[in-house]
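So that the names make sense, note that chain A is the first sequence line, chain B the second, and so on, each numbered from 1. The figures here come from the full heavy-atom set of this structure, side chains too, leaving out hydrogens, waters and symmetry mates.
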Amino acid sequence: MYYNFNEIEKKWQDYWAKNQTFKAKNNSDLPKYYVLDMFPYPSGAGLHVGHPLGYIASDIFARYKRHKGFNVLHPQGYDSFGLPAEQYAIQTGQHPALTTEENINTYRRQLDRIGFSFDWSREVRTSDPSYYKWTQWIFIQLFESWYNNDTNKAESIETLVAVFSSEGNTNVNAVCDDHMTSFSASDWNGFSDKEKQEVLLKYRLTYLAETEVNWCPALGTVLANDEIINGLSERGGHPVIRKKMTQWSMRISAYAERLLQGLDQIDWTDSLKESQRNWIGKSVGASVSFKVITNGAKQSQSIEVFTTRPDTIFGVSFMVLAPEHDLVRQITTPEQKEEVENYITATAKRSERDRMSDVKTITGAFTGAYAEHPFTKKPIPIWIGDYVLAGYGTGAVMSVPCGDQRDYDFAKHFNIPIPNIFEGVDISEEAYSSKDNVVITNSDFLNGLNFKEATKKAISELEKLGQGEGKINYRLRDAVFSRQRYWGEPFPVYYVNGMPQMIDKKYLPIILPEVEKYLPTETGEPPLGRADVWAWDTKNGEVVKNENIDHVTVFPLELNTMPGWAGSSWYFFRYMDAHNDEVFASEDALNYWKDVDLYIGGSEHATGHLLYSRFWVKFLKDRGFVNTEEPFKKLINQGMILGMSALVYRIEGTQTFVSKNLVGDHKVQEIHVDVSFINASDEMDIEAFKNWRPDFESAEFILEDGKYIVGREVDKMSKSKFNVVNPDAICEQYGADSLRLYEMFLGPLEQAKPWNTAGITGVHGFLKKLWKLYLGDQGLNITDTEPSSENLKTLHKTIKKVEEDIEHFSFNTSVSTFMIAVNEFTAQKCTSKAVLEPFLILLSPYAPHIAEELWHQLGNTDSIASASFPEFDASYLVENTKNYPISFNGKMKFTLELPMDLSSDAIEKAVMAHEKTIANLGGRTPKKVIIVPGKIVNIVG
RNA sequence: GCUCAAGUGGUGGAAUUGGUAGACACGUUGGAUUCAAAAUCCAAUGUCGCGAGACGUGUGGGUUCGAUUCCCACCUUGAGUACCA
């Protein structure tokens, strides 16, 4: 019987599907374990071998946990709203739902071939109305909530309304829009409906506000900060500009501190936690307010700044506002007006990109106005400069040139004085920005204090004056939630007098309407502006579901759709109870599964999906909908699998291709060739190359040793580099088990590594060897013979190693361990069922098909998935040893443990070496001694 | 610039708490089998040296009986982030 992997794999994949082997139960006496993959966006290109890497790792872990007696939830689904399907629709007119459906089918077929133990009965798709019904529902919950700083959690908006109507907003400690004016209870009760709604909107956790957004003209939509890379859109690489628009925003800033603190509770890599910490960007300092003076007269305005160095307040010699700052035009003196206006126009013209690439140039303009120093009462000139960003802090800084390099450079450039307030520090060349080892001087009441003391003192003095207070600032901005796209979740929102209203929950889902074209309307509205038939209507001032023909007649609807991260921020809860139509997941299901124990996915989601999910989960927890504060207890980032491109060298102007090592001084063009033409020793199949493209048919070659050797280069897998490897082809040629083993064997899970199909023969050969160990030409080789101690030693060594590897996610070394074991079993001529049966269980998470087949060949009738992981017994690993007493100086005595089978020559050598070593110990006593023939090693206690 | 991660044969990588460095695999070389090829099997394979042996984990120091592992400095690469006040 030969190893017919195609037949075997098909057989067991069908068996698992038919018997629902991996269906998870929502109640069980077993402990639960939830293993989750980041669900894929089903792109048109299908899967390449890089995609399943994380899925294979999570599948190994899920299968292992089942063997270990856990009730395992291991689901899969699709993040199926997204831009590519929409852009394809714009080009071809094909409905994104159709494209998406086709792509999902391809993905599913490809995934099924690899033999994953997913519970497909719980599949979710974010673009499915029965799913996004609940995304819309969560949006409504956010709208109906506010963040109470006193209780430090989100509460129903009803509690806020109650406080407003009984005592106004003066005692409310909420996260809200800046510059909230205070009002009393009678003010509130006197407000019109619209005024009340306007006020409440400033408190809601999702709110409508005029915000400066990243607008991508080419895509016709806004982008979140994490969707922009170096000033270009992540998708498509189009330029992005700043623009003011009315948009839905999520008040994630309310959760900044909890998102930061929560990181300590979870088992993620340090680098990932660090990314999130940087993104949240907590700075501790003070806010200080400076009164404005123009032409020697105090003005009503004051400038708020945030500083992390209130201790340096006496070093302030000027202030700088961002050119976009609201006060700039109000305070600029007539004499300076022209210069300031010119500067503002000049900076507005410079794109974000120019500003970034041109960090060195110092520019600015003097406003003619002054600010009054809170303590010295001296006037401080107010400048504007584009090194101050409107979007961070208050958009204004107090400049302390002796303590900040940018302030220092600005002061030098414009000849502004640089007072030194640091004792014994030389600032003639550069600023002294360290907080350590500083003693403040020339600073009145701060003289002689260090950073910590001076900071505290400065804040308390500012508080006495009412011109400042201690403050914590976060870099984390509220997240813009509107997209001017078609293929996304519609908002459950309509407008009355310009104020947003939630459509009643009983009418959810609001189904995405059909449109003729997927482009913005001629008047610049989002694509949904083209829809005239919606599945719902307005009647008597209420939006209702229209069962017949539905027109939007009375009220305008929200025409934006939600961003990609809306649906992915809570999908892990839906898997717990995927078909519930009453709630997003039942209380029982949520209580049972609680959170994700292991989450595997790419690190590119560090500051997007992983932050937004944590935010939504904390919100849902606050409002009592879920019972966990952190969704993902342990998270592993799988590394990317890169393509190994192959290059041929064409001599310029000819059709002659020269082998890699003969290029020498030839002027050559490098051309990417299909990696499937290349064998394991980088030799190209010349015939295949000639047949590849018509223009290569007449190609000539300069060979080395009769071979054409290609150059190699590691790139991302992409069609244009001809280095994409399709898992289907690997499964066809080597089988899914080989693919699974090889992906793990390539290297550590978390590391980026190039794919090279040539190496797969190693693991494939191993599977054939394994097959032969169990099945010979005459059938089963396995007998009921008693295992030898050698057999047991190999088995238990393997159990220990594989168990440790899985627990530590070092799947790569397990594959080697299996190979060694099979080699040893073969050498031992092991046929004992008592040893070879448990070995299959060890192997089954990695290579489930062959393990299942051999398992049944051994006479088992149940799936191997229900077998228990074998128990490790250390006693089988103990060496046979004999003790040899030796002494040193006649005082200390030691016992040497030596293997029984050591030759007397080796023993003598070992004893002598040991005596010598002991002489060097200087009185320390060895705890344990490891003997190797000819060498000796001590472990010193 | 800052933060994090990592530098080991021709290649991917192993050595999980400081204890035989290079497991396992690819590739290469030689051999067996074959009319031939594929497949399979056996052997060799860090460097220098005929050899005994010496040298070897990015570089330079240090701690230790003993360092790929710990400490200091530096170099290189990758990832993230950035006029963040």
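Across all strands shown, B:G18 forms no Watson-Crick or G-U wobble pair with both distances under 3.5 Å. Across all strands shown, B:U45 forms a Watson-Crick or G-U wobble pair with B:G27, both key distances being under 3.5 Å. The partner of B:C74, taking Watson-Crick or G-U wobble pairs whose two distances both stay under 3.5 Å, is B:G58. Of all nucleotides present, none satisfies the Watson-Crick or G-U wobble test against B:G51 with each distance under 3.5 Å. Base pairing of B:A37 is not made with any nucleotide, judged by Watson-Crick or G-U wobble geometry with both donor-acceptor distances under 3.5 Å. When both pairing distances are held under 3.5 Å, B:G80 makes a Watson-Crick or G-U pair with B:C2.
Comparing the P positions of B:G78 and B:A73 gives a spacing of 23 Å, expressed to the nearest Å. Taking atom C1' on both B:U20 and B:U68, the two are 14 Å apart, rounded to the nearest angstrom. Here the separation of B:U16 from B:A21, taken at their C1' atoms, is 16 Å to the nearest Å. Distance noted for atom C1' between B:C26 and B:G58: 25 Å (whole Å). Between B:G19 and B:A38, the distance separating the two C1' atoms is 47 Å to the nearest Å. Taking atom P in both B:A37 and B:U29, the straight-line distance is 15 Å, to the nearest Å. Comparing the same atom, P, in B:G13 and in B:A6 gives a spacing of 13 Å after rounding to whole Å. Separating the C1' atom of B:G56 from that of B:G22 is a span of 11 Å, rounded to the nearest Å.
In this structure, A:Phe811 and A:Phe809 have perpendicular ring planes: the angle between them is above 60°, well past the 30° mark. Note on ring orientation: taking the six-membered ring where Trp is involved, the planes of A:Tyr742 and A:Trp755 are perpendicular (angle over 60°, cut-offs 30° and 60°). Using cut-offs of 30° and 60° for the angle between ring planes, the A:Phe410 and A:Phe318 rings count as parallel.
Remark: P of B:C84 and CG of A:Asn473 are 13 Å apart, rounded to the nearest angstrom. Look at NZ on A:Lys753: it is 15 Å from C1' on B:A79, rounded to the nearest Å. Between A:Phe818 atom CZ and B:A25 atom C1' there is a gap of 15 Å when expressed in whole angstrom units. Note: NZ (A:Lys435) to P (B:C84) measures 13 Å, nearest angstrom. Per the geometry, CD belonging to A:Gln638 stands 16 Å off P belonging to B:A79, to the nearest Å. The distance between atom CD of A:Glu604 and atom P of B:C4, rounded to the nearest whole Å, is 22 Å. Taking atom OH of A:Tyr474 as the reference point, atom C1' of B:U81 lies 20 Å away to the nearest angstrom. At whole-Å resolution of the value, CZ in A:Arg712 and P in B:U11 are 15 Å apart.
Between the side chains of A:Tyr392 and A:Ser283, at least one donor N or O sits under 3.5 Å from an acceptor N or O.
In this structure, the side chains of A:Met684 and A:Ile709 stay at 4.5 Å or more apart for every pair of heavy atoms. Side-chain contact check for A:Tyr846 versus A:Ile806: some heavy-atom pair is nearer than 4.5 Å.
With its glycosidic angle within 90° of 0, B:G9 is assigned syn.
With distances taken from any side-chain atom of A:Leu389 to the nucleotides B:A82, B:C83, B:U16, the minimum falls on B:C83. Residue A:Phe745 places its side chain closer to B:A25 than to any other of B:U16, B:A85, B:A25. Nearest to the side chain of A:Met819, among B:A14, B:A85, B:C24, sits B:C24.
Among the atoms of the strands shown, none is found under 4.0 Å from any heavy atom of A:Asp407. If you check every strand for non-hydrogen atoms under 4.0 Å, A:Glu750 touches nothing. Residue contacts shown for A:Thr761 are limited to sugar-phosphate atoms, with no base heavy atom under 4.0 Å away. Here A:Ser816 lies in heavy-atom contact (under 4.0 Å) with a base. Residue A:Pro754 is classed as having no contact, given no heavy-atom separation below 4.0 Å to the nucleic acid.
Looking at A:Glu257 and A:Lys282, a side-chain N of the basic residue comes within less than 4.0 Å of a carboxylate O on the acidic one, giving a salt bridge.
Ranked by how close their nearest RNA chain B nucleotide is to the 5' end, A:Pro748 and A:Leu272 are led by A:Leu272. The residue among A:Lys768 and A:Gln751 whose nearest nucleotide of RNA chain B is located toward the 5' end is A:Gln751.
Residue A:Lys801 places a side-chain atom within donor-acceptor reach of the base of B:U16, judged by atom type and a 3.5 Å distance cut-off alone.
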